[in-house]
Amino acid sequence: MSLTVLYAIVFYAATALLIGGLVAKINCYARTPAPLKIPTTPAPTTTGGVVLRMAREVALFESLFKSNKWIWMLGWLFHVSLLLVLLRHLRYFTDPVWFWVVWAQPFGKYAGFAMVAGLGGLWARRFLVDRVRYISTPSDHLMLMLLIGIGLSGLGMSFVAHTDIVSVKDFFMGLMVFDLKPLPTDPVLLVHLSLVALLMVIFPISKLLHAPGVFFSPTRNQADNPRERRHLSPWAAKLETGSKPE
Amino acid sequence: MAAPKFEVPKLTGYAETPALKEGATAHVKSFPASEPVQAVIGFPGGLVEDWHDKAIAKMGDLLGRYRSLRVFMDACVHCGACTDKCHYFLGSGDPKNMPVARQDLMRQVYRRHFTFAGKYFPALVGAKDLTEDMLQEWYTYYYQCSECRRCSVFCPYGIDTAEVTMAGREILDTVGIGQKYTNEIMGKVHRIGNNLGLPGPALANTLEGLEEDIFDATGAPVKLPIDVKGAEILLVTPSADFFSEPHVESLIGYAKVLHAAGASWTFSSKASEAGNFGMFIGSYENMRRAALRIREAALDLGVKRIVVGECGHAWRVAYSFWNTLVGVGTGGEDPFSIELQKQLDPRYPAPQHICEYTYELIQQGKLKFDKSLNDHRVVTFHDSCNVARGSRMGDIPGGQFIIPREVIKAVVNNYYDMAEETIGESTFCCGGGGGILSDDLMEIRVKGALPRMEAFNNVVQEHKVNFMALICAICKAQFTKVVPYYGFDMSMVGGVHQLVSTAILLEKEEE
């Protein structure tokens, strides 16, 4: 079996697991009731206010900023850089390339360094701060290694040993229409793609679930209006009609 | 005060994050509940035979019933933002009192039994089997959490350790491991109607005595009525207010305010407890059962308004949960809630905090004060954790910080806030909340009070503060017991309405 076929299978499988896993998890979060009003107050009293609070939380990491400036700086740096890097990568999946992806290209290219720097800082904390060292599990370290590996192999292709990027794009454009095109075989590219596929697979079964999870966090997504609205979950409502909860 | 059997932290003048001291409070354990105590609140007493399967099944049940638990088990990335936020960690250095580590006691088991990674790669993700030792560790550290939610303010995903602690305690109760202090009190509410187990006649007797005391002190015929049908306002207050010092001083304050306002009001012997320890043990059923007494009393007496006295967790339950649990509120569209809500006066929020009630009267100019009567006091205010982070007062977010301070400033001349990072939403728990207010947990109570004591000591030194005003029965009981360990006099703490009581001017009865 050629490498092209192997990587095609890997990416189809990884995509299926990523999407299937996330859909299942999000479905589970959405279906699980939140029986009590538990926003961390002071909290917005309206839905519009909740949307703003969530937007600040997701875009600016507001709570983390309140908590610890070092973690905030490193974490925010990593996430924003990752976003720029991902946007830049859209050029390998679109033809013609969208104009704003073209704009993002130079930022995305150098954001790779910031991303690795942020990750390096976060990893250093796991060794240097005794409290963080205490709570770190092997998977916490491996996750950072994985992301740093993706970042370094990507930077390697951008700045050290260029791959045949036109063929890489042909390969992925082909994958999307089930038309196999040959994948270049230089080792840095293969390492980069393998690590990315691994990240996709573990996303829905790991702590990376914080990404969808934050939107479902009742302490952040509930409006503070319990006196004005009666909030009753289906299982709690059954207590009122005398039947036992399930 | 007898010499403590543990080292009391020294006040240094600045807040320090301690180095890790593994197992520092592993020996601090409260007495377990006996079988009869457990039976009253619907749990087995003593570890049941098939505890492992029962506990895992209960965890599965809770994961399906509470989105909070489900999301919080998955979302933590071990970033460490919460690690220096818990007062019990700051006071003890025990790493298992770091919020994330406390959650991880459950997360390890969750991963082992409910996730792919934990089933097949347990060592990699730190997954662990549920053992008897693990259950005991849960019992230790889930009863060293006061459910104050300070960690949830600082978590980038809003993970609230209180939710995990509540789930942990409910699982423990389900397999027969309960805490004597909390569960015994819960049973007293179900059987008698209040945490202290005071029957109606004893209560009526106490209130009569208080009326005489107030009359002797002020010459004003202030009444403390109970079970008056047709009264407009039902006042529900923590039962400690009836008997304990300094709580009773605030009770007298409420009565004076209601008297000065000319209100028609009553206590209820059925609803003689605002506190609701069902929240502490995460038991929706017990919490609802206790709250039903308030609903029934309100319906029986035909009151139009419900006002709640000074109590932190009680106000969280009342403000955030009563509408859900028993329909005390507005906006209900089902027959159960409409039955009560059509009786309540929609012009007032239901329930209403006594500070909201007093504040409104102050704004309307209906109360007269002589602030100089409080001139012997230099006052600061301790935001109670459950009020600060689990509820609100007034119409705007953060009203719970503004309104009590405005009430205080209306009745005292000398007021200073403690350091900003120790008040408001960042307030520190007193160290005795959430079912920790038990003598067998004195060591963790004293150590957990350290961050508040540091902040208090700083205003004592800087501004000669000599009174910390409180709006919580547990804070009052905790601080009167714990401040002497730090060299302060227990008379330096008391209620907000104690200050109101001192300064309020009442008309004397005409001869």
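By convention in this document, chain letters (A, B, ...) are assigned in the order of the sequence lines, proteins followed by strands, and residues within each chain are numbered from 1.
Under a 3.5 Å cut-off, the side chain of Ser67(A) and the backbone N or O of Ala81(B) do form a donor-acceptor pair. Between the Thr324(B) side chain and the Leu232(A) main chain, no donor and acceptor come within less than 3.5 Å of each other. Side-chain N or O atoms of Arg149(B) include one that pairs as donor or acceptor with a backbone N or O of Ile38(A) at under 3.5 Å. Without hydrogens or angle criteria, Ser63(A) side chain to Phe154(B) main chain gives no donor-acceptor distance under 3.5 Å.
Interface remark: Asp130(A) contributes backbone and side-chain atoms alike to the contact with chain B (heavy atom separation under 4.5 Å). Proximity to chain A is absent for every atom of Val328(B), based on heavy atoms less than 4.5 angstrom apart. Residue Glu333(B): no heavy atom, backbone or side chain, is found under 4.5 Å from chain A. Interface remark: Glu57(A) contributes side-chain atoms only to the contact with chain B (heavy atom separation under 4.5 Å). Only the backbone of Ala123(B) comes within less than 4.5 Å of a heavy atom in chain A; its side chain stays farther off. Both the backbone and the side chain of Pro351(B) come within contact range of chain A, each with at least one heavy atom under 4.5 Å from a heavy atom of that chain. Interface remark: Pro39(A) contributes backbone atoms only to the contact with chain B (heavy atom separation under 4.5 Å). Looking at Ser426(B), there are no atoms closer than 4.5 Å to chain A (heavy atoms on both sides), in backbone or side chain. For a residue to count as touching a neighbouring chain, one of its non-hydrogen atoms must lie under 4.5 Å from one of that chain's; by this rule Ile71(A) touches chain B with the side chain only. Contacts of Ala30(A) with chain B are made by backbone atoms alone, with heavy-atom separations under 4.5 Å and no side-chain atom involved. For chain B, no part of Ile202(A) is nearby; none of its heavy atoms comes within less than 4.5 Å. Interface remark: Glu22(B) contributes side-chain atoms only to the contact with chain A (heavy atom separation under 4.5 Å). Heavy atoms of Tyr66(B) lying under 4.5 Å from chain A belong to its backbone as well as its side chain. Interface residue Asp84(B): backbone and side-chain heavy atoms are both found under 4.5 Å from chain A.
If you take OG on Ser320(B) and CG on Asn225(A), they are separated by 10.0 Å, rounding to the nearest 0.5 Å. Annotation: the span from Met143(A) atom CE to Leu124(B) atom CG amounts to 9.0 Å, rounded to 0.5 Å. Here the NZ-CZ distance, from Lys207(A) to Arg107(B), works out to 10.5 Å after rounding to the nearest 0.5 Å.
Atom OH of Tyr120(B) is surrounded by 12 or fewer heavy atoms from other residues, nucleotides or ligands within 6.0 Å. Surrounding CG of Asp395(B) are at most 12 heavy atoms belonging to other residues, nucleotides or ligands under 6.0 Å away. Few gaps surround CZ on Arg126(A); more than 12 heavy atoms of other groups in view lie less than 6.0 Å from it. The neighbour count for Phe107(A) CZ, taken as heavy atoms of other residues, nucleotides or ligands under 6.0 Å away, does not exceed 12. Atom NZ of Lys128(B) sits in a sparse spot, with 12 or fewer heavy atoms from other residues, nucleotides or ligands closer than 6.0 Å. Within a 6.0 Å sphere centred on CZ of Phe11(A), other residues, nucleotides and ligands contribute more than 12 heavy atoms. For Phe114(B), the CZ atom is densely surrounded, since the number of other residues' heavy atoms within 6.0 Å is greater than 12.
Smallest separation of non-hydrogen atoms from Pro33(A) and Gly64(B): CD-O, 3.4 Å. In this structure, Leu64(A) and Cys79(B) approach most closely via the heavy-atom pair CD1-SG, 4.3 Å. Among all heavy-atom pairs drawn from Gln352(B) and Arg227(A), the shortest one is CA-NH1, 4.0 Å. The minimum heavy-atom distance linking Tyr29(A) with Arg67(B) is given by the pair O-NE, 2.9 Å. Of all heavy-atom pairs between Leu63(B) and Thr32(A), the closest is O-CG2, 3.3 Å. Of all non-hydrogen atoms in Thr41(A) and Arg389(B), the two that sit nearest each other are OG1-C, 2.8 Å.
With chain A as the partner, the residue from Cys82(B), Ala318(B), Ser337(B), Gly118(B) showing the most heavy-atom pairs under 4.5 Å is Ser337(B). When each of Ala101(B), Gly327(B), Ala117(B) is scored by its heavy-atom pairs under 4.5 Å with chain A, the top score falls to Gly327(B). Residue with the most contacts toward chain A among Gly80(B), Ala388(B), Gly158(B), Pro349(B): Gly158(B) (heavy-atom pairs, distance under 4.5 Å). When each of Ile205(A), Asp140(A), Asn221(A), Leu74(A) is checked for heavy-atom pairs under 4.5 Å with chain B, Asp140(A) comes out on top. Of the listed residues (Val153(B), Val100(B), Asp160(B), Val326(B)), the one with the most heavy-atom contacts under 4.5 Å to chain A is Val153(B). Your options are Lys85(B), Arg70(B), Arg392(B), and the one with the most heavy-atom pairs under 4.5 Å with chain A is Arg392(B). Chain A forms more heavy-atom pairs under 4.5 Å with one residue of Phe336(B), Trp322(B), Phe401(B) than with any other, namely Phe336(B). Between chain B and the options Val129(A), Thr45(A), Ile135(A), heavy-atom pairs under 4.5 Å are most frequent for Ile135(A).
At a threshold of 4.5 Å between non-hydrogen side-chain atoms, the residues Ser217(A) and Ile159(B) do not count as touching. Considering only heavy atoms from C-beta on, Asn323(B) stays 4.5 Å or farther from Pro226(A) through its side chain. At least one side-chain heavy atom of Met287(B) sits less than 4.5 Å from a side-chain heavy atom of Leu36(A).
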Worked verdict on Asp334(B) versus Arg230(A) for side chain to side chain contact (heavy atoms under 4.5 Å, CB included): CA-CA 9 Å; Asp334(B) 51 301; Arg230(A) 187 157 198 245; 2.8 Å; yes
Audit row: Leu239(A), Tyr284(B), side chain to side chain contact (heavy atoms under 4.5 Å, CB included) steps and yes/no: CA-CA 10 Å; Leu239(A) 294 171; Tyr284(B) 192 98; 3.5 Å; yes
Go through Tyr319(B) and Asp224(A) one step at a time and tell me if the side-chain hydrogen bond (donor to acceptor under 3.5 Å, both in side chains) criterion holds. CA-CA 10 Å; Tyr319(B) 171 87; Asp224(A) 174 21; 2.6 Å; yes
side-chain hydrogen bond (donor to acceptor under 3.5 Å, both in side chains) assessment of Ser152(B) paired with Thr40(A): CA-CA 7 Å; Ser152(B) 85; Thr40(A) 309; 3.1 Å; yes
Take Asp74(B) and Lys25(A) through the test side chain to side chain contact (heavy atoms under 4.5 Å, CB included) and record every step on the way to the result. CA-CA 10 Å; Asp74(B) 280 338; Lys25(A) 264 295 174 187; 2.8 Å; yes
Report the C-alpha distance between Arg131(A) and Thr17(B) in whole Å, list the side-chain angles of each, state the deciding distance to 0.1 Å, and finish with yes or no for side chain to side chain contact (heavy atoms under 4.5 Å, CB included). CA-CA 10 Å; Arg131(A) 302 187 308 278; Thr17(B) 305; 3.3 Å; yes
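Relative ring orientation between Tyr157(B) and His210(A) is described as tilted, the plane-to-plane angle lying within the 30° to 60° band.
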